[in-house]
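Step one of this worksheet: look at the structure below.
It should be emphasised that the depicted structure is a prediction, and the values quoted were computed from it without experimental measurement.
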Amino acid sequence: MSAVFISLSQSISQSCYKPRQFFNLERGSTLVGRSRVIQFRCQRVVSACLNVDVDAPNTGKMTMEKTKDVIEMEGKFLVGTYARTPVVLVRGEGCKLYDVEGREYLDLSAGIAVNALGYGDADWLKAVVEQAGTLNHTSNIFYTIPQIELAKRLVASSFADRVFFANSGTEATEAAIKFARKYQRHTTTNGKVPATEFIAFSNCFHGRTLGALALTSKVQYRTPFEPVMPGVTFLEYGNAQAAAELIKQGKIAAVFVEPIQGEGGIYSATKEFLQSLRNACDEAGALLVFDEVQCGLGRSGFLWAHEAYGIFPDMMTLAKPLAGGLPIGALLVTEGVASTISYGDHGSTFAGSPLVCSAALAVLDKISKPDFLSSVSRKGLYFKELLKQKLGGNRHVKEIRGVGLIIGIDLDVPASPLVDACRNSGLLVLTAGKGNVVRLVPPLIITEKELEQAANILCQTLPVLDN
């Protein structure tokens, strides 16, 4: 027998870090200093050497030169697709992140609504380490148990009958586009032309690959890559009448809508709007697709955001938090849709790997519990009221909106100065909308004390908007 010792919060400073583990893992834990250490006992040993140089917070050993060097190297070797924040992050613990300078940040961005369980969750870590030492990847030529178990769990907890796995939200959207087209081709009879067009809405975001990009409303995202997929009509978010009239013409294969828009500025649909879409799609034979890549999986206080409305789609796209930071996407579908899809109609080499699905099972185990979901609702209400008390009287704050732990602060000026000031004060937040919304999507495990800290920093930095 041998063992691997994994510290969840200790910094790494030795020149060679050798994780050892695997098979028949028995888990125990102990305390080393103030850090909890998980011990996995196992039969086979696998060692890996990783040369790192990461210091603990506030050691003073790192200087701004380190940050400058990393930024310069990024500019030299990576394609310039990201306007990055000038921070080099090296470690996370709970809802806190640490940079190479040893600075601590309270994270209300969660990797853009990905890290629902924060950083270093013990059960997630155990699932990943255990599966990595057992079987990490096979492709979809073979059956694997974690993939089937995850699909079973997703089906059991949703409207869906079947699942298609992908590697990201945009890939899930691409699958939905293909499935909608195939569904219409399969179900259209009497020599009629199958419906091939789509509806999306203002302020929407569905991804950056060409099909998903065609469904994304921001012109600046689409223009450099035109022509994108034709046949997409953008309507005003919430305009039920316009959508119903267009759907009834019989040319719409599917309607894509976010129950809560994240990138678009934290706008929630009304029940009347979604019900109207459902009714119109049913009458015309179009499919209704809910994009819950950002708003789903517990962030709204419900496991699925659409549960609050009691209205259910034909397909739903998932991604961001599902595997706790590992790349995954999923398209959940009804049997009616799945029955039109045949072998070879779609596929992916990496999707649904044992490693990623084991991580997703660990996430789903926690976030699907009623007590966990109710805590998200409770903390969301508390945080929104706190923000209204502290920020609501400011002349630049137009509205504070959202549900659960997806909250937006709508400003009458660009949000970037406030985002920068928050970062300099140790708080990480995002923008949304047209750059005028502060987006708050913290890990779902965040405490009320941490939310109070975030509200205080936002209040203290708000005067920067007057400059």
Side-chain angles (χ1 to χ4, degrees), residues 21-25 40 46 114-117 121 123-179 182 207 209 212 289-293 296-298 303-304 313-369:
Q21 68 107 25
F22 298 142
F23 305 141
N24 297 335
L25 288 95
F40 297 116
V46 178
V114 168
N115 299 317
L117 300 182
D121 179 82
D123 296 309
W124 180 89
L125 179 60
K126 179 182 183 294
V128 170
V129 171
E130 189 172 320
Q131 188 61 53
T134 305
L135 183 66
N136 63 326
H137 173 75
T138 65
S139 85
N140 285 295
I141 293 174
F142 306 99
Y143 297 92
T144 55
I145 293 171
Q147 182 184 108
I148 296 168
E149 182 61 27
L150 178 59
K152 180 181 176 182
R153 291 282 303 280
L154 289 170
V155 165
S157 62
S158 73
F159 71 94
D161 299 302
R162 295 179 185 266
V163 180
F164 175 83
F165 286 113
N167 301 288
S168 65
T170 195
E171 284 190 23
T173 301
E174 294 288 347
I177 292 169
K178 290 181 69 175
F179 285 18
K182 182 70 185 298
T209 50
V289 185
F290 285 168
D291 182 331
E292 294 215 13
V293 168
L297 289 159
L303 186 58
W304 316 117
D314 302 294
M315 295 191 278
M316 175 171 66
T317 57
L318 302 175
K320 288 185 180 296
L322 181 54
L326 295 183
I328 191 171
L331 178 65
L332 277 59
V333 303
T334 62
E335 186 63 39
V337 175
S339 66
T340 67
I341 306 302
S342 304
Y343 295 133
D345 278 349
H346 202 36
S348 171
T349 298
F350 290 105
S353 75
L355 179 62
V356 173
C357 287
S358 291
L361 283 165
V363 173
L364 201 56
D365 279 343
K366 291 197 170 185
I367 66 173
S368 61
K369 292 179 179 178

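Phe165 is not listed as a side-chain neighbour of Ser353, based on a closest heavy-atom distance of 4.5 Å or more. Between Pro313 and Glu292 there is no side-chain heavy-atom pair separated by less than 4.5 Å. Between Ile341 and Arg162 the shortest side-chain heavy-atom distance does not fall below 4.5 Å. With contacts defined as side-chain heavy-atom distances shorter than 4.5 Å, the pair Phe159/Trp304 does not qualify. Counting only heavy atoms from C-beta outward, the side chains of Leu154 and Leu364 approach each other to under 4.5 Å. With contacts defined as side-chain heavy-atom distances shorter than 4.5 Å, the pair Met315/Leu331 qualifies. Two residues are said to be in side-chain contact when any heavy atoms from C-beta on lie closer than 4.5 Å; Leu117 and Ile367 meet this criterion. The shortest distance between side-chain heavy atoms of Lys182 and Ser342 falls below 4.5 Å.
For Ile148, the CD1 atom sits in a packed shell: over 12 heavy atoms of surrounding residues, nucleotides or ligands are nearer than 6.0 Å.
The line from OG of Ser358 to NZ of Lys126 is 10.5 Å long, rounded to the nearest 0.5 Å. Glu335 CD to Thr340 OG1: the interatomic distance, rounded to the nearest 0.5 Å, is 10.0 Å. Annotation: the span from Gln131 atom CD to Leu355 atom CG amounts to 6.5 Å, rounded to 0.5 Å. Interatomic distance, Asn167 CG to Leu326 CG, rounded to the nearest 0.5 Å: 11.5 Å.
Smallest separation of non-hydrogen atoms from Trp124 and Ala359: NE1-CB, 3.5 Å. Residues Lys320 and Val293 approach most closely at CB-O, 3.4 Å, considering heavy atoms. Pairing each heavy atom of Gly324 with each of Asn115, the nearest pair is O-OD1, 3.7 Å. In terms of heavy atoms, Ala172 sits closest to Leu318 at CB-O, 4.1 Å. Here the shortest heavy-atom pairing between Thr144 and Gly352 reads OG1-O, 4.2 Å. For the pair Ser348 and Glu171, the tightest heavy-atom approach, listed with the atom from each and the gap, is OG-OE1, 4.4 Å.
Exactly one of Leu150, Val356, Leu322 qualifies for a side chain to side chain contact (heavy atoms under 4.5 Å, CB included) with Leu361. That residue is Leu150.
Asn140 places a side-chain N or O within donor-acceptor distance of the main-chain N or O of Ala351, the cut-off being under 3.5 Å. Judged purely by atom type and a 3.5 angstrom limit, Thr170 uses its side chain to pair as donor or acceptor with the backbone of Thr209.
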- Message: Pair Thr173, Thr317 - check side chain to side chain donor-acceptor pair (under 3.5 Å), show working.
- Response: CA-CA 6 Å; Thr173 301; Thr317 57; 4.7 Å; no
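Taking the six-membered ring where tryptophan is involved, the planes of Phe350 and His137 are tilted, since the angle between them lies from 30° to 60°.
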